[in-house]
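See below for the structure under consideration.
Naming convention: chains lettered A, B, ... in sequence-line order (proteins, then strands); numbering from 1 in each chain.
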Amino acid sequence: MSRKERDARRGRLEALRAAGVDPYPARVGPRESIASVRGRFSERDAESLEKENEPVAVVGRVVALRSFGKLVFATLLENGERLQISARKAETTPECFGFVKKLDVGDFVRVVGPLWRTKSDELTVDVREVEMLAKGLRPLPEKWHGLSDVEARFRQRYLDLLVNEEARRAALLRSRIVTAMRAFLDERGFLEVETPVLQPIYGGAAARPFTTHHNAYDQTLYLRISDELYLKRLVVGGIDRVYEIGRVFRNEGVSRKHNPEFTMMECYQAYADYSDMMDLTQAMVQSIAERAIGGSRIEFGGQEIDLAGEWPRIPLRDAIARETGIDILEHDALPTLRAACEAKGLPPGDAPTWGRLVDDLFSEHVEPKLIQPTFITDYPVELSPLAKRSTSDPRLVERFEPFLGGMEIGNAFSELNDPDDQRERLEASRRDLDAGDEEAHPLDEDYLVALEVGLPPTGGLGIGVDRLAMVLADAPTLREVVAFPHMRPRASSGEDAEEEED
RNA sequence: GGGCGCGUAGCUCAGCUGGUAGAGCAAGGGACUCUUAAUCCCUAGGUCCGGGGUUCGAGCCCCCGCGCGCUCACCA
């Protein structure tokens, strides 16, 4: 059992200590990255290496051991790159050979020695000096199948990252995506800012918040569900282009597309409208794809997606009409729209308002088909309390959502900057929600004051970074691109308690 | 929260109509100077998720609970 293996490893750890070796030294001697060694020597043949006989020093984690009587091969892994090392009894000191013989898979070492090529032409460091950098006390997951237990992969992501190349790729890609997003916005003169995570009044989205408490002021605070109202205050304050990439929190269920905390990019541009923000969204995603994956063609869930070119802009009304044959503006009240659904043989469900029924129709019949990048535009005013009313139809607002891979990946509008209209709309939306109630927001009076001071005409955009990463990484669930996805706490009996004892 | 499925060694998995638990890798010992999923011999390793029930007998059947997955709902 594992206890026995750990005892064996601990035995070797104590043996090192007894010999006066620190198994966890503070500093690492001179070394060259494995990538660099490979770069310098990958083209060199056996003879030339032997002639040169130049020692190299590399570090890494032992991920495989193949031991013979007087010869040991091991594979070192450092920053995603592998290199074989060997210890030959005839070519090195007895101490060094014995040390390598006693290594465990999982140990970190630094080795020094000349390069050679084996009979199978593998570039190999022939160890002349070796030192322990950190002793591993637990076995790594099985070398051939890796770690496939889904729960273990998420709860112990470090193991997943170590043995599953896919996990590593997703983590690196996500980082490149965020870097590219930031670079794109910086280049366009957007100022990166940070706004409060702890908010006395939450707003900017329809969602239930997490609630917490500040002891010093005996104050209830909420983890933000959106950055929107604070970022727009900064635009009121004269910062004409702002953005924030940060975590937001929604007290809701977990699914393939949902995590209770997720990363949102929100940006606001003064003197722009939602049409400008569509241009910006398209350019941003294309730029991110170019920088992060080097192209515009991707595969997501077995389907080809091309991010290049102009993305279609389809009014919500047309999109729903196309898929269901129902004109939502012809039936602009709940009872008539319900009747229209029934006439088409579509169950209208139990949506409490006209707006919600429109949303249901869209989610069910249109959204799953929006695989290629698409802007859906011109949403009902009921669904969008912070968006400016459409100039052509007062029942609509200047709002769009970008869709990709059958998922909404963002939300944007011409920001409502009429303080009186904003007050009415916030109050109306609160009345609407009064029935169900859970998402009713307290009115943010200070935000209304800010609007009275004056918000210029402004375009705003939010992008769900995790979802974008999910599509670009061709990941079937959000959790593949979130390093530590939300999990139910593990029942704390068993393992931990047992292990504390010894 | 509802429905369906899953939970067996450190990891990956077998385990028949209910008859007292197995393999590979990992681990320990041994052989081996060309392996890279090394090979060969030997050894050890189990709260079969937890609790209850049915039964002469439960990894397997039933009930309750826990965790995970899929899905629906809530939800952008």
Side-chain angles (χ1 to χ4, degrees), chain A residues 1-9 11-12 46 63-76 82-92 97 104-106 116-124 126 137-156 159-160 162-164 204-208 225-226 248 250-260 262 264 349-350 356 359-360 362-364 367 376 379 383-384 401-403 407-411 436 438-439 462-464 466-467 476-477 479 485 487-495 498:
Chain A
M1 115 193 210
S2 72
R3 170 68 54 91
K4 186 174 175 185
E5 174 166 4
R6 254 175 280 152
D7 286 348
R9 286 171 179 252
R12 288 187 282 274
V63 292
L65 276 168
R66 297 172 292 280
S67 177
F68 300 80
K70 297 176 177 120
L71 168 67
V72 183
F73 290 110
T75 305
L76 289 194
R82 285 159 204 271
L83 185 64
Q84 178 167 274
I85 65 172
S86 63
R88 291 186 284 186
K89 196 167 187 185
E91 305 291 333
T92 189
F97 184 75
D104 287 307
V105 169
W116 65 297
R117 284 196 184 271
T118 64
K119 284 176 185 166
S120 51
D121 208 37
E122 177 88 18
L123 186 66
T124 303
D126 200 33
L137 292 178
R138 302 232 181 181
L140 265 32
E142 206 242 7
K143 63 185 171 190
W144 185 240
H145 298 92
L147 183 67
S148 60
D149 177 72
V150 179
E151 184 177 354
R153 288 189 49 229
F154 295 150
R155 287 197 193 275
Q156 294 183 280
L159 293 179
D160 189 34
L162 267 177
V163 300
N164 293 330
R208 277 188 275 171
I225 58 173
S226 150
V248 297
R250 298 186 181 178
N251 205 336
E252 288 156 4
V254 175
S255 84
R256 203 168 64 79
K257 304 185 218 175
H258 299 267
N259 198 53
F262 61 100
M264 177 96 98
D350 53 1
R356 287 294 299 276
D359 198 31
D360 289 350
F362 177 78
S363 304
E364 173 137 358
E367 182 172 8
I376 297 296
Y379 284 70
L383 299 172
S384 321
E401 294 186 332
F403 287 83
M407 278 189 304
E408 176 202 340
I409 60 159
N411 185 21
E438 302 242 36
E439 291 157 7
I463 297 280
D466 312 84
R467 287 192 181 172
T477 98
R479 291 185 302 177
M487 303 283 279
R488 202 182 297 270
R490 202 163 168 69
S492 67
S493 55
E495 217 191 349
E498 177 193 338

Integer angstrom distance from the [atom1] of [N] to that of [M]:
N     : M     : atom1 : result
B:G15 : B:G7  : P     : 10 Å
B:A58 : B:C68 : P     : 30 Å
B:G45 : B:G69 : P     : 34 Å
B:C25 : B:C41 : P     : 10 Å
B:C13 : B:C48 : C1'   : 14 Å
B:G24 : B:C62 : P     : 33 Å
B:A23 : B:G18 : C1'   : 23 Å
B:C60 : B:U55 : C1'   : 13 Å

Using purine N1 to pyrimidine N3 plus N6-O4 or O6-N4 for Watson-Crick, or N1-O2 and O6-N3 for G-U wobble, each under 3.5 Å, what pairs with [N]?
N     : answer
B:U20 : none
B:C68 : B:G5
B:U55 : none
B:U35 : none
B:A73 : none
B:C25 : B:G10

Heavy atoms only, 4.0 Å cut-off, all strands: where does [X] land among base, sugar-phosphate and nothing?
X        : value
A:Ala74  : nothing
A:Ser67  : base
A:Arg467 : nothing
A:Gly146 : sugar-phosphate
A:Thr477 : sugar-phosphate
A:Arg479 : sugar-phosphate

Between [atom2] on [N] and [atom1] on [X], what's the gap in Å once rounded to a whole number?
X        : N     : atom1 : atom2 : result
A:His145 : B:G10 : NE2   : P     : 17 Å
A:Asn259 : B:C75 : CG    : C1'   : 13 Å
A:Lys89  : B:U35 : NZ    : P     : 21 Å
A:Leu65  : B:C25 : CG    : P     : 16 Å
A:Leu76  : B:U35 : CG    : P     : 19 Å
A:Asn251 : B:C74 : CG    : P     : 17 Å
A:Lys257 : B:C74 : NZ    : C1'   : 14 Å
A:Glu142 : B:C11 : CD    : P     : 11 Å

Among [options], which is the nearest nucleotide to the side chain of [X]?
X        : options             : answer
A:Leu71  : B:U33, B:C11, B:A26 : B:U33
A:Arg12  : B:C34, B:A27, B:G67 : B:A27
A:Glu252 : B:G69, B:C75, B:G67 : B:C75
A:Phe73  : B:C75, B:G28, B:U35 : B:U35
A:Arg356 : B:U35, B:C75, B:A37 : B:C75
A:Phe68  : B:A26, B:C70, B:C32 : B:C32

Does [X] make a side-chain N or O approach to OP1 or OP2 of [N] shorter than 4.0 Å?
X        : N     : result
A:Arg153 : B:C68 : no
A:Arg208 : B:C75 : no
A:Arg155 : B:C68 : yes
A:Arg88  : B:C32 : no

Report yes if the side chains of [X] and [Y] come closer than 4.5 Å at any heavy-atom pair, otherwise no.
X       : Y        : result
A:Arg12 : A:Asp104 : yes
A:Arg88 : A:Trp116 : yes
A:Gln84 : A:Arg66  : yes

Report the residue (A:Gly410 or A:Glu91) whose heavy-atom-nearest nucleotide on RNA chain B is the more 5′ of the two.
-> A:Glu91
Comparing A:Glu401 and A:Asp149 on RNA chain B - which has the more 5′ nearest nucleotide | A:Asp149
So does [X] reach the base of [N] with its side chain, donor to acceptor, closer than 3.5 Å?
X        : N     : answer
A:His258 : B:C75 : yes
A:Glu122 : B:U35 : no
A:Ser148 : B:U12 : no

Could you walk me through whether A:Arg479 and A:Arg153 pass side chain to side chain contact (heavy atoms under 4.5 Å, CB included), step by step?
-> CA-CA 10 Å; A:Arg479 291 185 302 177; A:Arg153 288 189 49 229; over 6 Å; no
Go through A:Leu83 and A:Leu123 one step at a time and tell me if the side chain to side chain contact (heavy atoms under 4.5 Å, CB included) criterion holds.
-> CA-CA 7 Å; A:Leu83 185 64; A:Leu123 186 66; 4.3 Å; yes
Could you walk me through whether A:Phe73 and A:Glu122 pass the side chain to side chain contact (heavy atoms under 4.5 Å, CB included) check?
-> CA-CA 11 Å; A:Phe73 290 110; A:Glu122 177 88 18; over 6 Å; no
Derivation and outcome, side chain to side chain contact (heavy atoms under 4.5 Å, CB included), residues A:Glu91 and A:Lys70 = CA-CA 10 Å; A:Glu91 305 291 333; A:Lys70 297 176 177 120; over 6 Å; no
Sub-3.5 Å donor-acceptor pair from the side chain of A:Arg467 to the main-chain atoms of A:Glu408, do we have one?
-> yes
Looking only at atom types and distance, does a side-chain atom of A:Asn259 sit under 3.5 Å from a main-chain N or O of A:Phe262, one as donor and one as acceptor?
->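 It does not hold such a pair.
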